[in-house]
Undergrad: 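The structure is given below, and queries will be raised subsequently.
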Amino acid sequence: MDATVIILAAGEGTRMKSNHAKVSHRILAKPMIRWIVDASLAAGAQRVVTVVGSHGDEVRALLEGIDGVECVEQAERLGTGHAVKVAIEACGISEGPVVVLNGDLPLIEPRTIRKFADTVAEGRAAAAVLTMTPPDPFGYGRIELNDEGQVLRIIEQKDCTNEQAKTLLECNAGCYAFDGAALAAHVGEIGCDNAQHEYYLPDMLEILRHAGKPVTYFHCNDFREGLGVNSRAQLAELTALARDRINARLMAEGVTMIDPSSTWVGPDAQVGRDTIIYPSTMIMGTTQIGEECIVGPNTRLMDTRVGNHSVIDETVAENVQIDDYVSCGPRAYLRPGTHLCDHSKAGTHVEIKKSTIGVGSKVPHLSYIGDTTMGANVNIGAGSITCNYDGVHKNATTIGDNTFIGSDTMMVAPVNIGADAVTGAGGTITKDVPDGALALERTEQRIIPGYTERKRARQQGK
Ligand code: UD1
Ligand code: CA
């Protein structure tokens, strides 16, 4: 697609009642602006120009480092028509197809953007607008057609008469394509004589038609693709629509979802076939799950990789690698930098941070393991922890293959425990343990016979 995309993201987003830019609000953990930028890039846009203004630094930060994406500042928010004028002047856009997208239009599909660009590229029209008939048209600009079914103009909700608001049900979705030369030549003609005293981009269609240029529209059969986000209620509504769209695709690809309505998978996550997802599960960011896994219930995975045949029950994991045949949870908290190798286990009420749990090694109950490298077939007894933080530094622990850590062992790092070693239950291990050794750290047990009977007698005053 040989087109420039301009994304309008400078608005105040007043109706969100937020301290943040509207387009920074997230849908399935991904900022709205990233949904639109990614759709534009997926459509094949050569250049994506984002107009920022209100909370501009926040929006710029969300777009930092993305190839082909640049930001332009709209210092004063004088309306969508003004925003486009600022962009084309700042970027010297004077030809070629230009697609303009409202920044609050997150569910727009790449193929729609491409179709739009093609219409003007092929010279069939100098401008095209995407339209839809949502169940509730309130707030949208309304399309007025002439008797031949051509676009006469777009009337904003606030400029509509009661009659127009009731009868003009075809709405402007906020996705436009323009011939760049026509846009550059006429954008300065947009006025602000309207209810909001703003320069309205939709006025461009009427202006170009008056200039004798062909103007057209595309009705979007699925209105959901064209919905905008102006309020928190709409944010929630679109989040649910995005969830349904992603879940439908995943189920079609062979993923089982016990309850799709409580299964939230982000747009950049992947799930392999025959994986079963239980209710109340969030699979976000760049998480990738392989085949034949069982995930959930009550699980949250962020930027995590899971191999095949693993079971992840009531687990929270971020930036973690989980290999094949691993068992997690219920109630495991896996923090960044953790790697669970094949056939390993992170069990119940277990927290693991920045550690490798070797092949077949198990941390089954009530443990904290941090900054640890563990070999294969290690067993960590219940309640054992690594004391990795001395108040200043995070220190490392190593544990060799086949070692058995007795229950309630405190491993005071830095410490190295060899292979085939054993630590006795209740030990505080402060010195390295050689291969094959038993480390015991325990005061001798004393036995005081008849204690209970004497105590009871004392209490009863005998
Ligand atoms: C706009 C359209 C309306 C359409 C609807 C679709 C106009 C005048 N109206 O209305 O016809 O039905 O979208 O959702 O365009 N923005 C700027 N600079 C500004 C003003 C706005 O960058 O000076 C950005 C906003 O950040 C937003 C987008 O433009 O992302 C649209 O603005 P918004 O105020 O949401 O317009 P709507 O009232 O929804
Ligand atoms: Ca809007």
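Counting starts at 1 for both ligands and their atoms, in listed order.
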Undergrad: Measure Ala10 to ligand 1 on non-hydrogen atoms and call it side chain, backbone, both or neither using the 4.0 Å cut-off.
TA: both

Undergrad: Nearest heavy atom to atom 18 (N) of ligand 1 wins, so pick from Arg77, Gln74, Glu156.
TA: Gln74

Undergrad: At what distance is the nearest protein heavy atom to atom 6 (C) of ligand 1, and which residue and atom is it?
TA: Asn172 O, 3.3 Å

Undergrad: Of all the non-hydrogen atoms in the protein, which one sits nearest to atom 25 (C) of ligand 1, and at what distance?
TA: Gly11 N, 3.6 Å

Undergrad: How about His25 and Ser18: does a side-chain donor come under 3.5 Å of a side-chain acceptor?
TA: yes

Undergrad: Minimum heavy-atom separation for Thr263 and Met257, please, with both atom names.
TA: CG2-SD, 4.0 Å

Undergrad: Can you tell if the side chain of Arg300 reaches within under 4.5 Å of the side chain of Met284, non-hydrogen atoms only?
TA: no

Undergrad: Strictly below 4.0 Å, N to O, side chains only: are Lys30 and Asp268 in salt-bridge contact?
TA: yes

Undergrad: Quick test: of every protein heavy atom, which one is nearest to atom 30 (O) of ligand 1, and how far off is it to 0.1 Å?
TA: Leu8 O, 2.8 Å

Undergrad: So which heavy atom in the protein is nearest atom 35 (O) of ligand 1, and how far is it from that ligand atom?
TA: Asp104 OD2, 3.1 Å

Undergrad: Which residue holds the protein heavy atom closest to atom 15 (O) of ligand 1, what is that atom called, and what is the gap in Å?
TA: Thr80 OG1, 2.7 Å

Undergrad: What part of Val23, side chain, backbone, both or neither, has a heavy atom within less than 4.0 angstrom of ligand 1?
TA: neither

Undergrad: Under 4.0 Å, heavy-atom basis, I'd like to know which part of Cys171 is in contact with ligand 1: side chain, backbone, both or neither.
TA: neither

Undergrad: In the protein, what heavy atom is nearest to atom 33 (P) of ligand 1, and what distance, to one decimal place, separates them?
TA: Arg15 NH2, 4.2 Å

Undergrad: Between Arg47 and Glu70, is there a salt bridge with N-O shorter than 4.0 Å?
TA: yes

Undergrad: Will you find, in the side chains of Gln164 and Arg142, an N or O donor that is under 3.5 Å from an N or O acceptor?
TA: no

Undergrad: State, without any angle test, whether Thr131 and Glu170 hold a side-chain donor-acceptor pair at a distance under 3.5 Å.
TA: yes

Undergrad: For Val51, is at least one N or O under 3.5 Å away from an N or O on ligand 1?
TA: no

Undergrad: Pick one of side chain, backbone, both or neither for how His82 approaches ligand 1, counting any non-hydrogen atom pair under 4.0 Å.
TA: neither

Undergrad: Can you name the nearest heavy-atom pair linking Phe178 to Leu208, along with the distance?
TA: CD2-CD1, 4.0 Å

Undergrad: Restricting to non-hydrogen atoms, name the atom on Met16 and the atom on Arg232 that form the minimum distance, rounded to 0.1 Å.
TA: O-NE, 2.8 Å

Undergrad: Tell me the protein heavy atom at minimum distance from atom 39 (O) of ligand 1, and give that distance in Å.
TA: Asn230 OD1, 3.5 Å

Undergrad: Which heavy atom of the protein is the closest neighbour of atom 14 (O) of ligand 1, given with residue, atom name and distance?
TA: Tyr140 CE2, 3.6 Å

Undergrad: Please determine whether any non-hydrogen atom of Lys22 lies less than 4.0 Å from an atom of ligand 1.
TA: yes

Undergrad: At less than 4.0 angstrom from any non-hydrogen atom of Gly141, what atoms of ligand 1 do you find?
TA: 3 (C), 4 (C), 11 (O), 12 (O)

Undergrad: Checking side-chain polar atoms at under 3.5 Å, does Tyr176 have a donor or acceptor matched by the opposite partner on Asn172?
TA: yes

Undergrad: So, regarding Ile154 and ligand 1 (criterion: nitrogen or oxygen to nitrogen or oxygen, under 3.5 Å), is there a contact or not?
TA: no

Undergrad: What are the protein N/O/S atoms, named by residue and atom, that sit under 3.0 Å from the Ca ion (ligand 2)?
TA: Asp104 OD2, Asn230 OD1

